[in-house]
Amino acid sequence: MGVAKPWRFSLLTANQALLQHNKTHNYHSNGISNANGKQMLGRSSSTTGSCSHKRKISLSFVCGFMLFALGLISLLTGHVVSDLEWYSQQLVQRSFYSKLEGSRRRPIDIWKSRYSKYYYECSGRGSHFSSATPEQSSNGYLLIAASGGLNQQRTGITDAVVVARILNATLVVPELDHHSYWKDDSDFVDVFDVDWFISSLAKDVTIVKRVPDKFMRSMEKPPYTMRVPRKSEPEYYLEQVLPILLRRSVVQLTKFDYRLANDLDDELQKLRCRVNYHALRFTKPIEELGQSLVSKMHKMAKRYIAVHLRFEPDMLAFSGCYFGGGDKERYELGEIRKRWATLPDLSPEGERKRGKCPLTPYEVGLMLRALGFSNDTHLYVASGEIYGGEATLQPLRELFPNFYTKEMLANEELRPYLPFSSRLAALDYIVCDESDVFVTNNNGNMAKILAGRRRYMGHKRTIRPNAKRLSSLFMTRDQMDWDTFSKKVKSAQRGFMGEPDEIRPGRGEFHEYPYPCICEKTASDDDGDNNDDDGNNNGTTGGGSGPAGLGSNAKARMDS
């Protein structure tokens with residue numbers, strides 16, 4: 001059984017319910033008045049007149065109460081609407097695990113979801129999903145030039161496999177971006193295990209390392225290069241790209257990131273999952289160093305939190321937000337914003353109220369302490385260049401003194417990786433993926449990719465700040481005691497803690513909410529293995545302790 005579709009509440013429905021309630025109340029009030037009137041027909045006219053007057057007062061009171069109630073709802077809309085979806089999901093279409101566990105309003109376990117055991121990953125090939133077309137019989141060769149940093153390129157690689165499947169083409173191992181902001185000249189083979197990538201997807205798509213030289217020499221023209229629009233539907237590829245591929249035999253798609261639609265047929269969505277969570281395995285040296293960092297964190301503490309901080313100067317400038325640095329900050333970020341001529345003028349206050357501003361390191365620390373994490377909790381911090389440097393990080397360090405980075409843990413082992421941002425990002429990816437709790441201060445590519453993977457691999461606790469509600473709490477922090485602040489933060493974060501029922505089919509990026517690849521156990525399901533027709537163990541990935549291999553992500557990466 002798939003994850004249940006969430007129920008959407010609306011204020012219109014609430015208002016209609018209130019009106020219906022008042023109509024019913026008014027009807028019963030009139031019925032009582034009429035009944036009383038019949039009983040008093042033999043009394044004086046003054047008494048009858050008094051009853052009539054009372055009816056008029058009752059009607060006026062009801063109308064006034066309705067107007068007051070509607071006004072009150074409108075006044076409170078800004079505070080209530082963000083909670084309506086969460087509450088409605090709890091009250092309507094209750095799932096199997098909620099029926100078993102009882103009330104969902106119990107305090108949240110900040111380290112682990114108690115409901116994850118009722119879900120498991122299920123991305124196996126369906127029985128009607130045909131085998132890959134051999135290279136000689138395919139419609140031609142598809143070249144892909146991925147774009148952006150490591151995780152942005154990861155989405156492009158994942159979608160490239162699906163597009164090759166749609167076009168019935170042979171996919172050439174994608175090229176990584178060497179010209180983006182990070183200026184990393186790493187190739188696919190430097191970051192990912194290319195042989196595993198090819199062999200693990202052999203049943204789905206034929207993949208080769210390069211177009212055969214003999215074929216290239218026989219071509220009359222160089223490969224046709226084009227860029228498809230973002231979020232293109234499969235029909236676009238069949239109507240616009242396939243005819244060119246059939247005519248030219250080799251087509252290259254450039255700037256390939258988020259170029260495939262979010263919603264696809266479930267079998268194609270499951271192929272996305274097989275690529276992203278199984279076929280894209282890091283090279284052995286990267287995997288070994290990443291696991292060494294994980295081991296060092298676990299030797300110091302049984303459990304640790306990984307915090308992904310996106311707080312680079314260019315990202316802050318692009319956001320249009322203000323972070324309390326005075327005129328110096330306004331000038332510096334303003335100068336960086338000039339790089340983008342098309343950026344609109346934004347109101348920093350407005351962006352913060354809308355929840356569009358990344359949390360500062362201090363705000364991340366405040367949120368975690370308010371949720372209940374003590375100051376002896378060990379933090380692994382994954383970040384690039386932090387705007388403001390150590391001065392910006394110091395408040396977080398004071399809240400969590402056990403503060404570590406890959407630079408602090410790896411020492412000389414890290415030196416060969418320093419010139420390559422993609423390989424450094426891969427190390428952070430591994431340590432964040434293996435953490436007991438993953439926290440992000442933004443909703444960027446790495447945050448989305450890891451949130452989706454952690455859902456798929458067992459719903460490990462993943463905290464995404466509810467920035468819209470938290471912003472007002474941070475601004476009024478000095479106006480309330482700590483217990484009140486903590487209670488309000490916990491309330492704000494319900495629905496943003498990585499619980500299974502936060503998956504909203506059809507909403508959000510698929511890479512963040514891979515709902516077709518996550519199945520819910522039913523009362524008739526056994527706790528044993530659930531094997532699909534390809535031999536993939538969907539119930540206990542990598543031999544983990546739960547239905548989705550909870551706590552065994554490393555083995556899933558190495559053996560999937």
Side-chain angles (χ1 to χ4, degrees), residues 2 120-144 154-174 188 192-212 214-215 232-239 241-246 248-253 256 259-261 263-281 456 510-511 514 516-519 529-539 541-542 556-560:
Y120 59 94
E121 53 97 342
C122 52
S123 63
R125 299 171 70 245
S127 57
H128 300 293
F129 199 65
S130 60
S131 299
T133 302
E135 180 179 357
Q136 296 78 8
S137 306
S138 72
N139 289 328
Y141 293 92
L142 183 65
L143 304 174
I144 294 291
R154 193 181 187 104
T155 64
I157 295 167
T158 297
D159 289 347
V161 174
V162 180
V163 169
R165 172 79 190 195
I166 292 169
L167 295 175
N168 201 22
T170 296
L171 177 66
V172 179
V173 171
F188 191 101
F192 300 107
D193 185 336
V194 65
D195 292 326
W196 172 256
F197 178 72
I198 294 172
S199 63
S200 64
L201 294 170
K203 291 184 179 180
D204 299 306
V205 174
T206 299
I207 305 174
V208 297
K209 294 182 179 179
R210 65 184 64 84
V211 179
K214 183 189 301 185
F215 186 87
S232 293
E233 299 287 342
E235 291 75 17
Y236 179 90
Y237 286 95
L238 293 174
E239 295 169 4
V241 180
L242 181 57
I244 299 173
L245 179 65
L246 292 172
R248 300 289 294 271
S249 298
V250 182
V251 169
Q252 182 179 44
L253 304 181
F256 202 81
R259 303 289 162 174
L260 184 60
D263 295 326
L264 301 174
D265 173 84
D266 276 1
E267 284 297 331
L268 294 180
Q269 299 287 52
K270 290 185 177 185
L271 175 55
R272 270 175 160 163
C273 293
R274 293 197 292 278
V275 179
N276 198 0
Y277 306 133
H278 298 284
L280 282 176
R281 187 169 73 180
Y456 178 82
F510 174 79
H511 298 289
C517 303
I518 300 174
C519 293
D529 295 345
N530 294 282
N531 296 322
D532 58 45
D533 60 333
D534 287 334
N536 292 328
N537 189 315
N538 287 335
T541 302
R557 269 197 305 271
M558 298 298 292
D559 301 333
S560 55

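Heavy atoms only: backbone and side chains are in, while hydrogens, waters and symmetry mates are out.
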With heavy-atom distances below 4.5 Å as the criterion, would you say the side chains of [X] and [Y] are in contact?
X    : Y    : answer
I518 : Y120 : no
R274 : R125 : yes
V250 : F215 : yes
L201 : V161 : yes
I166 : L260 : yes
R248 : Y141 : no

- prompt: Under 30°, 30 to 60°, or over 60°: which ring-plane class applies to F197 and F188, parallel, tilted or perpendicular?
  reply: tilted
- prompt: Does the side chain of Y277 pick up a donor-acceptor pair with the side chain of E121 at under 3.5 Å?
  reply: no
- prompt: Do S138 and N168 get their side chains close enough for a donor-acceptor pair, meaning under 3.5 Å?
  reply: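 Per modelled atom types, S138 and N168 side chains form no pair under 3.5 Å.
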Using modelled atom types only, decide if a donor and an acceptor are shared between the side chain of [X] and the backbone of [Y] within a distance under 3.5 Å.
X    : Y    : answer
D193 : R281 : no
S200 : W196 : yes
S131 : K203 : no
E267 : G126 : yes

message: Which residues pass the side chain to side chain contact (heavy atoms under 4.5 Å, CB included) test with T155, not counting sequence neighbours?
response: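 Only Y258, I449, H511 meet the side chain to side chain contact (heavy atoms under 4.5 Å, CB included) criterion with T155.
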Qualifying residues under side chain to side chain contact (heavy atoms under 4.5 Å, CB included), relative to D266, sequence neighbours excluded: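 With neighbours one apart ignored, the set is P516.
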field: Verdict with reasoning, L167 to V241, per side chain to side chain contact (heavy atoms under 4.5 Å, CB included)
entry: CA-CA 8 Å; L167 295 175; V241 180; 3.9 Å; yes
- prompt: Minimum heavy-atom separation for V194 to K209, with atom names?
  reply: CG1-CE, 4.2 Å
query: Taking atom CZ of F510 and atom OG1 of T158, what is their separation to the nearest 0.5 Å?
result: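 Answer for the CZ-OG1 pair, F510 versus T158, is 9.5 Å.
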field: Sequence neighbours excluded, every pair satisfying salt bridge (charged side-chain N to carboxylate O under 4.0 Å, His left out) that has a member inside residues 158-172
entry: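 For residues 158-172, and leaving out neighbouring residues, the salt bridge (charged side-chain N to carboxylate O under 4.0 Å, His left out) pairs sorted by first residue read D159-R272.
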task: Please lay out, stage by stage, how T206 and T133 fare under the test side chain to side chain contact (heavy atoms under 4.5 Å, CB included).
output: CA-CA 7 Å; T206 299; T133 302; 5.5 Å; no
message: Go through it in stages, so that I can follow the logic: the residues are R259 and Y237, the test is side chain to side chain contact (heavy atoms under 4.5 Å, CB included), and I'd like the CA-CA distance, side-chain angles, deciding distance and then a yes or no.
response: CA-CA 10 Å; R259 303 289 162 174; Y237 286 95; 3.6 Å; yes
- prompt: Do C519 and C122 have their SG atoms less than 2.5 Å apart?
  reply: yes
